[in-house]
Amino acid sequence: MNQFQYVRPTKQKAAIEALARDANAQFIAGGTNLLDLMKRGVMQPQKLVDINRLPLNKIERMDGGIRIGALALNSAVAEDQLVQQQLPLLAQALNAGASAQLRNMATVGGNMLQRTRCHYFYDTALPCNKREPGSGCGALEGINRMHAIFGFSDKCIAVHPSDMSVALAALDATVLVSGPKGERRIAFLDFHRLPGDTPQKDTNLEQGELVVAVEVPENAFPKNVHYLKVRERASYAFALVSVAAALQLDGNTIKAARLAMGGVAHKPWRLTEAEAALVGKPATEETFRQAAAVAMQGAKAFKHNAYKLKLAPNSIVQALKNAAGLA
Amino acid sequence: MAQENLNPTAPADDHDEARRTFLKQTSVLTALALTPGPVVQAAAAQWDEKVAAAFEKVPLKLDINGKKYRLQVEPRTTLLDLLREQLHLTGTKKGCDYGQCGACTVHVDGQRVNSCLTLAVMQDGRKVTTIEGLAEGDKLHPMQEAFIKHDGFQCGYCTPGQIMSAVACIREGHANSEGEIREYMSGNICRCGAYPNIVAAIQEVKNGGQKV
Ligand SMILES: Cc1cc2nc3c(=O)[nH]c(=O)nc-3n(C[C@H](O)[C@H](O)[C@H](O)COP(=O)(O)OP(=O)(O)OC[C@H]3O[C@@H](n4cnc5c(N)ncnc54)[C@H](O)[C@@H]3O)c2cc1C
Ligand code: FES
Ligand code: FES
């Protein structure tokens, strides 16, 4: 690991200032992603601003929803009563991620800002536009089994690895950030970005901005939810494809629906058109198949990930069946 | 760079003035290279010192297995390397060093974590328990007894991590069925495949109702 300056401010303002002073500085929260990448030489910050002493770990009810501090641990959020009662989809997604040990370290802010697990990004001997802009995308013509089927560009076909973020995308969350220019709110769906010509930027967070909290508005999905994660072993692996599904049922009729997918794009992939295709219909496998077909419009596979074109719609159907209690 | 090769976990009393001077000089250069010209000039005096501090050891207080330590560590030292290389508590194992195997599992303030993916300095003021701190004198912890009884290992390399994780799994209330144990123990890989025996050991301790 490269050497770096280490600072541990106790005030938010000082943390933001410490970062703003240096283009090559990084916040460190749980450290589970950043230290991994630093050990491999993928990231080499010259300064680490340890934010763990900032008072940002509360999970609280607020007007119109629940506010989760950026430093709340993944395990604490998943085990929180309020979250389990009102945001069971989020709790399920968190528990599907990583391991019990890692969830005890990983924070909400760090989770949404974790980098892709693309092998070309991880291996500093290989080309990757995300790690080294201009070096090319090794996955495009290389081994692309884990890669995107939506929203990619010819510069980058990596996927975002976070499970938690898929649930937050489905639940219309908002990200609260604070930076040198003040505070702002970013809709969760606008937080992560598509690669386009600048895949080195994962998100729309500006240099020096600190994620302070995530707000999840009150919703109609305290039950009939399911987070389905398909992976190569039963646990402790990243998703090939994942689906966050939430239904509001009136008898057997779908009154409202939320759907998002993970493992298919550079950002959590919200499926608003498929949601619209569900509303007003009976909660049956037939309805779910039709919605899945809508969701898959525009999908395109590469040499090794064509299986996702089948796995994704099947996962959508299964997640919806589980959410509706039809499974 | 040259300092890449220096031992990141040399004992606290290993002072090497020549090295420090060299590092201070390099770090000034680093600072100059990284910061736009005018800014550097404006803040030069105070700035140099700050960056130099990056390569110094940082004071750290820890309670490890009930013993209080006052240490000096380089910021880039992981908790795992501190335990093993500097304090010679080699019960905690390094399997992958990337959070993928669980061999390095310890408890920090009672919670299980991967000691390979956290910096020692980030744990300042915390209480750490390693496998060495589980037994009471010569009396093994019930989980240690159960692992022996059920053959919960073959080569034993993953075992300290498995045991630390298993104790936490019960304390967290996630050992209520075989399925739940398997899920909540999935962060501990065993290449020898002792899983059925590990699950049996955990179930025995859980069902025995002993205090863990
Ligand atoms: C073996 C392994 C398996 C895993 N499996 C999964 C999985 O199945 N599913 C899954 O979703 N994840 C998985 N993960 C990833 C894990 O969830 C992330 O590493 C973790 O959530 C990152 O959180 P952290 O607090 O440790 O972040 P850090 O490593 O501390 O930070 C990550 C990045 O976010 C930035 N950052 C952190 N907090 C803030 C903030 N408040 N404001 C601004 N910037 C910030 C940091 O500067 C850094 O760039 C796995 C990780 C490992 C090592
Ligand atoms: S050594 Fe820490 S998880 Fe493998
Ligand atoms: S006993 Fe050998 S790795 Fe688990």
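Just so it is clear: chains get the letters A, B, ... in the order the sequence lines come, proteins before strands, and each one is counted from 1.
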Can you tell me which portion of [X] sits under 4.5 Å from chain B's heavy atoms? Options are side chain, backbone, both or neither.
X	answer
Leu48(A)	side chain
Ala18(A)	neither
Leu34(A)	neither
Asp36(A)	both

What distance separates [X] [atom1] from [Y] [atom2], expressed to the nearest 0.5 Å?
X	Y	atom1	atom2	answer
Met185(B)	Ser99(A)	CE	OG	10.5 Å
Asp97(B)	Leu35(A)	CG	CG	10.0 Å
Tyr236(A)	Gln100(B)	OH	CD	6.5 Å

Among Glu79(A), Arg8(A), Lys39(A), Arg53(A), which residue forms the greatest number of heavy-atom pairs with chain B at distances under 4.5 Å? Lys39(A)
Would one find more than 12 heavy atoms of other residues, nucleotides or ligands at under 6.0 Å from atom [atom1] of [X]?
X	atom1	answer
Lys61(B)	NZ	no
Arg70(B)	CZ	no
Ile143(A)	CD1	no

Is there a side chain to side chain contact (heavy atoms under 4.5 Å, CB included) between Asp50(A) and Leu119(B)? Walk through the geometry before answering. CA-CA 10 Å; Asp50(A) 180 349; Leu119(B) 298 172; over 6 Å; no
Show your working on side chain to side chain contact (heavy atoms under 4.5 Å, CB included) between Asn188(B) and Gln101(A) and close with a plain yes or no. CA-CA 9 Å; Asn188(B) 293 82; Gln101(A) 289 96 312; 2.8 Å; yes
Heavy-atom pairs under 4.5 Å with chain A: which of Met122(B), His174(B), Glu183(B) has the most? Met122(B)
Max heavy-atom pair count under 4.5 Å with chain A, selected residue of Thr105(B), Ile189(B), Val121(B):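 Most pairs with chain A among the choices: Val121(B).
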Relative to chain A, which segment of Glu172(B) carries a heavy atom at a distance below 4.5 Å: side chain, backbone, both, or neither?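 Contact with chain A involves the side chain of Glu172(B) alone.
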Heavy-atom contact with chain A under 4.5 Å, split by part of Cys116(B): both
Pairwise side-chain contact, Thr78(B) with Met1(A), heavy-atom cut-off 4.5 Å (strictly under): yes
Quick note, side chain to side chain donor-acceptor pair (under 3.5 Å) partners involving residues 85-96 of chain A, not counting sequence neighbours, are none
Audit row: Arg112(B), Leu102(A), side chain to side chain contact (heavy atoms under 4.5 Å, CB included) steps and yes/no: CA-CA 9 Å; Arg112(B) 52 174 157 165; Leu102(A) 287 161; over 6 Å; no
As a quick check of understanding, evaluate side chain to side chain contact (heavy atoms under 4.5 Å, CB included) for Met105(A) and Asn114(B), giving each step before the final call. CA-CA 8 Å; Met105(A) 311 167 77; Asn114(B) 302 97; 3.9 Å; yes
Looking at Tyr98(B), I'd like to know if the NZ or CZ of Arg40(A) sits under 6.0 Å from its six-membered ring centre while staying within 45 degrees of the ring's axis.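 That pair qualifies as a cation-pi contact.
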